[in-house]
Amino acid sequence: MRKQLYITHGYTANSQSHWFQWLKNQLIPHQIHTNIFDMPDSSKPNPQIWLTHHQTHINQCDENTVFIGHSLGCIATLRYLQRQKKKIKGLILVAGFDEPLDNLPELTSFTLQRIYYPELIANIPQRIVIGSSNDEVVAPKYTQKLAANLQASYLTVENAGHFLARQGFTEFPLLLKECLNIFNG
């Protein structure tokens, strides 16, 4: 089976945003097939529609598959994986959260259904959460709590904001390194 990576962007983003295409291009020489989703109506996201989009467009979910989520894409990915109940190779969540954010009440619907972590932990042997020391969109405490809930390794990038292109994140070497470590591990 081929090595497969899926990337789910966050609120108001798309497949061309931030570091997504750069990461995809870096993985080509490693023969890692990468799909970056364009999630429906990312400016007015709906959790059920995003779940259906994942269910429709993910055609490989097995021990050769890694998922990456950014921001809102983290909880959306977790919701999908919780429904699948399948073992995968790994998961990397960047600037994620799993509870309501005071500054983004329009995203609360994604957090109303609690995630059941024990099954996810059992099915995902390699779990990494990456956060920034000065994220003003998703406060670091939320990303740290997500990592604790998932029993994931937590990596802090100093002064990286929310890992957005406008904050200088059009490339993400740490994420590339961690992704390759999972695929090669």
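Quick caveat, the model's predicted, so the values are computed rather than measured.
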Check your understanding: Are the aromatic ring centres of His54 and Phe37 under 6.0 angstrom apart?
Key -> yes
Point to revise | Transitive ILVMFWY side-chain link Leu150 to Ile128, under 4.5 Å | key: no
**Study point:** Any side-chain donor near an acceptor of the partner, Asp98 and Asn149, under 3.5 Å
**Key:** yes
Check your understanding: Do Trp50 and His9 have ring centroids that are under 6.0 Å from one another?
Key -> yes
Review point. Cut-off 3.5 Å, side chains only: do Arg2 and Gln31 have a donor facing an acceptor?
Key: no
Point to revise | Separation of Met39 CE from Ser15 OG (nearest 0.5 Å) | key: 11.5 Å
**Study point:** Side-chain donor-acceptor pair present, Thr65, Gln4, cut-off under 3.5 Å
**Key:** no
Check your understanding: Taking atom CG of Leu164 and atom OG1 of Thr12, what is their separation to the nearest 0.5 Å?
Key -> 8.0 Å
Check your understanding: Do Ile36 and Leu72 belong together in a cluster built from hydrophobic side chains that touch within less than 4.5 Å?
Key -> no
Practice item. For Tyr117 and Gln82, test the side chains for any donor-to-acceptor distance below 3.5 angstrom and give the result as yes or no. Key: no
Check your understanding: Is there a donor in the side chain of Asn35 and an acceptor in the side chain of His33, or the other way round, less than 3.5 Å apart?
Key -> yes
Review point. Quick one: OH on Tyr142 to OG1 on Thr111, what's the gap to the nearest 0.5 Å?
Key: 10.0 Å
Check your understanding: Just checking, is any N or O donor in the side chain of Asp62 or Gln60 under 3.5 Å from an acceptor N or O on the other one?
Key -> yes
Review point. To the nearest 0.5 Å, how far apart are CD1 in Ile7 and NE2 in His18?
Key: 12.0 Å
